[in-house]
Amino acid sequence: MKKTFVTIMAAAALLFSGCQTSTSSYAGYETECLGIELDGSQKLRAWGQGRHRQQAMQQAAKNAISDVIFKGIRGGSGGCDVKPLVYAANARDKYEDYFNRFFSDNGDYTRYMTLKGAPLRSRVKEFNSTGRRFGVVVVVQRTALREHLKSDGIIK
């Protein structure tokens, strides 16, 4: 009886220790809507990771623009448009050359966003071996971005 109890407890401990998963790399890093500005632009909190603050903030801005274009903004306080600008399936792959140039360092994406209050409002979420994860407030000019994508023939 004692041997069976020990075996069951050992199996339960092994089972529960194996079921623990870390969601820290995913939880809380979704781009969030903070509101709509009077000019129609979207104020977002986006997250980026990099070795240095500037690199992480640039990645966060790219993530914010990418989410507006391909995913739409679902998280946060609401008010932001939940529909993505590009509806086409696999648009990122279909127009790969275009979006690689668009999202390159100092690419066209920089014309459609501003970092608000950075670095004062940026905040470190975590440190790890690959760098730091920062959250920054990014204002995205959605209407101007939509017009740019229309003029380049990406959307209709």
- Query: Do you know the tightest heavy-atom contact between Val137 and Arg45?
  - Reply: CG2-NH2, 3.8 Å

- Note on the structure: SG (Cys80) and CD1 (Ile36) are apart, to the nearest 0.5 Å, by 4.0 Å

- Message: Ignoring hydrogens, what is the shortest heavy-atom contact between Ala56 and Phe134? Give both atom names and the distance.
- Response: CB-CD1, 3.4 Å

- Task: Indicate the atoms forming the closest heavy-atom contact of Ala64 with Val140, along with that distance.
- Result: CB-CG2, 4.4 Å

- Message: Under 6.0 Å between ring centres: does that hold for Phe70 and Phe99?
- Response: yes

- Message: Has Asp152 got a side-chain atom pairing as donor or acceptor with Ile154's backbone, closer than 3.5 angstrom?
- Response: no

- Quick one: are Gln141 and Arg111 in side-chain contact, heavy atoms under 4.5 Å? no

- Task: Go through the steps for Arg142 and Leu85 under the test side-chain contact (heavy atoms from CB on, under 4.5 Å), then give the verdict.
- Result: CA-CA 9 Å; Arg142 182 178 164 81; Leu85 289 175; 3.6 Å; yes

- Counting N and O atoms only, with roles assigned by atom type, does the side chain of Lys43 sit under 3.5 Å from a partner on the main chain of Gly35, one being a donor and the other an acceptor? no

- Is a side-chain donor or acceptor of Asn63 paired with a backbone partner of Ala46 at a separation under 3.5 angstrom? no

- Message: For a quick test of reading the model, state the closest non-hydrogen atom pair linking Gln58 to Asn106 and the distance between them.
- Response: NE2-N, 4.1 Å

- Message: Checking side-chain contact (heavy atoms from CB on, under 4.5 Å) between Gln42 and each of Asp81, Val138, Leu34, Thr143, which is the one that passes?
- Response: Asp81

- Measuring from Ile69:CD1 to Arg92:CZ, what's the distance to the nearest 0.5 Å? 8.5 Å

- When Tyr109 is tested against each of Lys62, Arg101, His148 for side-chain contact (heavy atoms from CB on, under 4.5 Å), which residue passes? Lys62

- In this structure, CD1 of Ile155 is separated from CG of Leu149 (nearest 0.5 Å) by 5.0 Å

- Task: Grab the two heavy atoms, one from Ile65 and one from Phe102, that are nearest each other, plus how far apart they are.
- Result: CG2-CE2, 3.9 Å

- Indicate yes or no: at least one non-hydrogen side-chain atom of Val139 is less than 4.5 angstrom from one of Glu37. yes

